[in-house]
Amino acid sequence: MSDLTKNAVDVLPEGRLAEQLGAGRPLRVKLGIDPTTADIHLGHTVVLEKLAEFQRAGHTVVLIIGDFTARVGDPSGRSSTRPLPSAEEIEANAATYQEQAFKILDRGRTEVRRNSEWLRMPPEDLLGLLARATVARLLERDDFQKRMAAGTGVTALELLYPLLQGYDSVAVDADVELGGTDQKFNLLFGRSVQEAYGKPPQSIITLPILVGTDGVQKMSKSLGNYVGVTDPAPEMFGKLMSIPDAAMPEYFRLLLGAEQPAEPPNRAKRELARRLVDRFHGAGAGERAEAAFNRVFVEHAVPDDVRELELDPFLGANGGNEVHLPRLLAAAFDLSSSEGRRLLAQGGVKLDGEPVPAGALDIPASLLDGKILQVGKRRFRRLVVGPPRNS
RNA sequence: GGGGGAGUGUCCGAGUGGUUAAAGGAGACGGGCUGUAAACCCGUUGGCUAUGCCUACGCAGGUUCGAAUCCUGCCUCCCCCA
């Protein structure tokens, strides 16, 4: 019992969860995720790990893929209406979400449902649902209050979101629903909806929102400050090494369930990164990622798995056998050729570790073949003439 | 339905006829320092076949030698009244 509420911010209503657990029956523990982006990141795993704890205690997890609600747009914590993903994106994301969630959840104790199963209901049923809540209640939430005060609009669709999420709880007979603290209103509202349908109201548990790698904003794909559970090991390690020291205690507590060890910050952060890489890539992956990290950032050497780039398509400048560097950079690192020029002008481009002189825009292919093209500290490509020699 | 206000570059936000590819800030990127931390310093930040050319201030037209700035229509958003 005490385990199951560790790290929780709210466990409501008071005493309810203890009662439910005391009854000895396996509980149906619900989590809804809207497939609005492609990847599950470490922020999601805080809640997923909690679900896994419930599973280990013998309870059943009901994972709801919000393929219908993704088309409505959860207003939680938003300062403006979010752009909605297309049907194709939702479909694609729904598939990857499940796969990624099972990196943490026990497949055998998880019931996966899509809320389009029940939310795609006849209009008269939908109206029946709408009749069960008052506008005043829907407007209570403070994120709406803020938005209305700020003059940014709230769409009628967003207003309805909590009703739909609440109906999910009705549809799956949820005993408990988990979510981030930003979900508190929606979770509580679900109780009202269940009651309105004559069902026993769920208890709710909210968990802290993990801060992103910038250490300031919540972790989110759209903010670009996330660590995806499917990120390659070296990338995951690197991203974790880049978090501000101030964010470390939170990462230790929420992701590892431990206190930050009393050792120099750099050592602690390496441990954090190793352990998390191990978790998602298997034992030993953390050490390998750390070794690769040391090679690039401590020894300033070239990583051992540099992708190759074929030079042939870029031949042609100055009579045929020179390569126009801005274009090469653009293709190699997904830049514009103007950006490539700027990097050259700023001395940010190296060949085999040697800075390329600012004025050099065209270089004979023979001088590039086999060399390592580098931009900044961490972007590399091995240049080759002819077909790639390895993958 | 009536009245009022607003739409600027990745974001925020100046700019009301002419050195404006558009102040300033944030973010991002490059360089320095370093622990891919923080803090700090410097630089860059529309695109291109690049000493020039093209595109750009909601959309479409118009006035003008010249428009983000003026006019007309349209679209979108917000506020107040009903």
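As the structure is a computational prediction, the values presented were derived from the model and not from experiment.
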Tell me what A:I243 touches on the nucleic acid: a base, only sugar-phosphate, or nothing, going by heavy atoms under 4.0 Å. sugar-phosphate
Contact class for A:G376 (heavy atom, under 4.0 Å): base, sugar-phosphate, or nothing? sugar-phosphate
Quick check for you: among [options], whose closest atom lies nearest to any side-chain atom of [X]?
| X | options | result |
| --- | --- | --- |
| A:K269 | B:rA37, B:rG46, B:rC48 | B:rA37 |
| A:R341 | B:rA50, B:rA37, B:rU36 | B:rA50 |
| A:F297 | B:rU36, B:rG30, B:rG35 | B:rU36 |
| A:D245 | B:rA37, B:rC33, B:rU49 | B:rA37 |
| A:S338 | B:rG35, B:rG47, B:rG43 | B:rG47 |
| A:P244 | B:rA37, B:rG30, B:rU45 | B:rA37 |
| A:R379 | B:rU34, B:rG30, B:rU36 | B:rG30 |
| A:L343 | B:rG35, B:rG47, B:rG30 | B:rG30 |

In sequence, state the C-alpha distance, the side-chain angles, and the governing distance for A:R114 and A:E117, and then conclude on salt bridge (Lys or Arg N to Asp or Glu O under 4.0 Å). CA-CA 6 Å; A:R114 296 190 172 204; A:E117 290 172 39; over 6 Å; no
Hey, does the side chain of A:S337 come within less than 4.0 Å of B:rU49's phosphate (OP1/OP2), counting only N and O? yes
Donor-acceptor pair (no angle test) under 3.5 Å: A:Q346 side chain, B:rG31 base: no
Taking 4.0 angstrom as the limit, do A:R253 and A:E250 come out as a salt bridge? no
Residue that, paired with A:D175, satisfies salt bridge (charged side-chain N to carboxylate O under 4.0 Å, His left out) out of A:K199, A:R25, A:R16, A:R191: A:R25
